[in-house]
Amino acid sequence: MTEVPFPPLSKESPEAEGVVSTWFVSDGEPVQADQLLAEVQVDKVAAEVPAPRAGTVHLLVEEEATVTQGAPIARID
Amino acid sequence: MTITEQPVVPAPRGSHRLTTAKAMVEAIEQEMERDPTVFYLGEDVGPYGGIFSSTAGLQEKFGTDRVIDTPISETAFIGLAIGAAVEGMRPIAELMFADFMGVCLDQIYNHMAKIHYESGGNVKVPMVLTTAVGGGYSDAAQHSQCLWGTFAHLPGMKVVVPSNPYDAKGLMTSAIRDDNPVVYMFHKGVMGLPWMAKNPRATADVPDGDYTVPIGEAQVVRPGSDVTLVTLSLSVHHALDAAESLMGQGIDVEVIDLRSLVPLDREAILGSVAKTGRLVVVDEDYRSFGLTGEVAATVTDVDPGMLRAPVARVANPDTPIPYSRPLEHTVLPRQDRIEAAVHRVARA
């Protein structure tokens, strides 16, 4: 099992919160390593979240949900 | 100008979910890999990736020779693209906002659009001019216009306006491969940008490989029998929302996404109106001297008798776009105005 964290986008404030803007995969879907999972943003800085490994993805937060940097947003089994 | 024959390439097996912005980038990326003469230039298209994410990741992949950040010098870099195109390359030049056309219009309509004509067809200008359009997010009078009617009015340019990820990728591939200058106008509201209002219709499955969407071909995005609704770009999304609501009120609306303004798919408009006898045209551009009148005339030029009710036009009421959100939403053709127009035409 591998957790996928919300990427660190703000260096100044490690506790910064961001939003999961778009999920590009569905819960329970098989994914390839490096496949695009989500796009996230802190303020107006956006970042892509690729799959760290292949497996079955489980989404831990809803689209538009507010998440603290570093917190897990998905799990890959 | 010639209309290049573009056969429909069937979508290969395998697809993946993308936003409209990422689909546009994927088309550029695949064409740059396929054809070394394709390059991209414009303001903030390098490390920044385009202010509306039209070039995200491209410079990292292709380097600064093929993805070129320019100074704020639209006349110079659009002229550069025209020169490169005349010499056989396939440049894509980005005008950051269509609103800025005024500072470089001579290059666009006196050079890019006319060299083919002036040379008796001997010199081609196979370039793409990309530009961001549209309002709805309080960017005020100088950063919210669509202006596609102006580009379409000036002869010599093809004009395409995708509303979704599939068309964004397929129309970009067609635009790059076309031997004519093509103006590719992307509405910020359909791009699926994380910092804009959430738009579920801006994310969809897109085929993995390259494919084309033919320039000059409209699409019936929702079949219906009572009223024909002709529109384009972000207004397609509002129109589909309105059509769903109207279905519950007993009115079955056929929604046509024009996708291209030049050439205009007049057959698609006529075919639908021949069936319904009722026409609503929705356009985020200015009302007078524009797209809504052109679409209405497409029908009346052929046979006004097809219409069982006067045509309803829903457009910007000839005012600059206000900054104030409530005022802006009043002038833009949103769902409430579209529904009211359909009711008017259906009752008549």
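As a basis for the values below, the full set of heavy atoms in this structure was taken, side chains included, without hydrogen atoms, waters or symmetry mates. By convention in this document, chain letters (A, B, ...) are assigned in the order of the sequence lines, proteins followed by strands, and residues within each chain are numbered from 1. As the structure is a prediction and not an experimental result, all values here were calculated from the model.
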>> I'd like to know which of B:Ala202, B:Ala56, B:Pro194 tops the heavy-atom pair count under 4.5 Å against chain A.
In response: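 Max contact count across the listed options: B:Pro194.
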> So which residues of residues 17-27 of chain B are in contact with chain A at a heavy-atom cut-off of under 4.5 Å?
Replying inline: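 Interface residues of residues 17-27 of chain B: B:Arg17, B:Leu18, B:Thr19, B:Lys22.
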> Do other residues, nucleotides or ligands put more than 12 heavy atoms under 6.0 Å from the CG atom of A:Asp27?
Replying inline: yes
> Within a radius of less than 6.0 Å around CD1 of B:Ile72, do more than 12 heavy atoms belonging to other residues, nucleotides or ligands occur?
Replying inline: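 Atom CD1 in B:Ile72 is not packed in, count stays at 12 or less.
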> Please walk me through it: do A:Gln41 and B:Trp195 pass side chain to side chain contact (heavy atoms under 4.5 Å, CB included)?
Replying inline: CA-CA 8 Å; A:Gln41 67 152 339; B:Trp195 51 276; 3.7 Å; yes
For chain B, which residues of [range] have at least one non-hydrogen atom nearer than 4.5 Å to it?
range                     : value
residues 32-40 of chain A : A:Leu36, A:Glu39
residues 11-23 of chain A : A:Ser21, A:Thr22, A:Trp23
residues 47-77 of chain A : A:Glu48, A:Glu63, A:Glu64

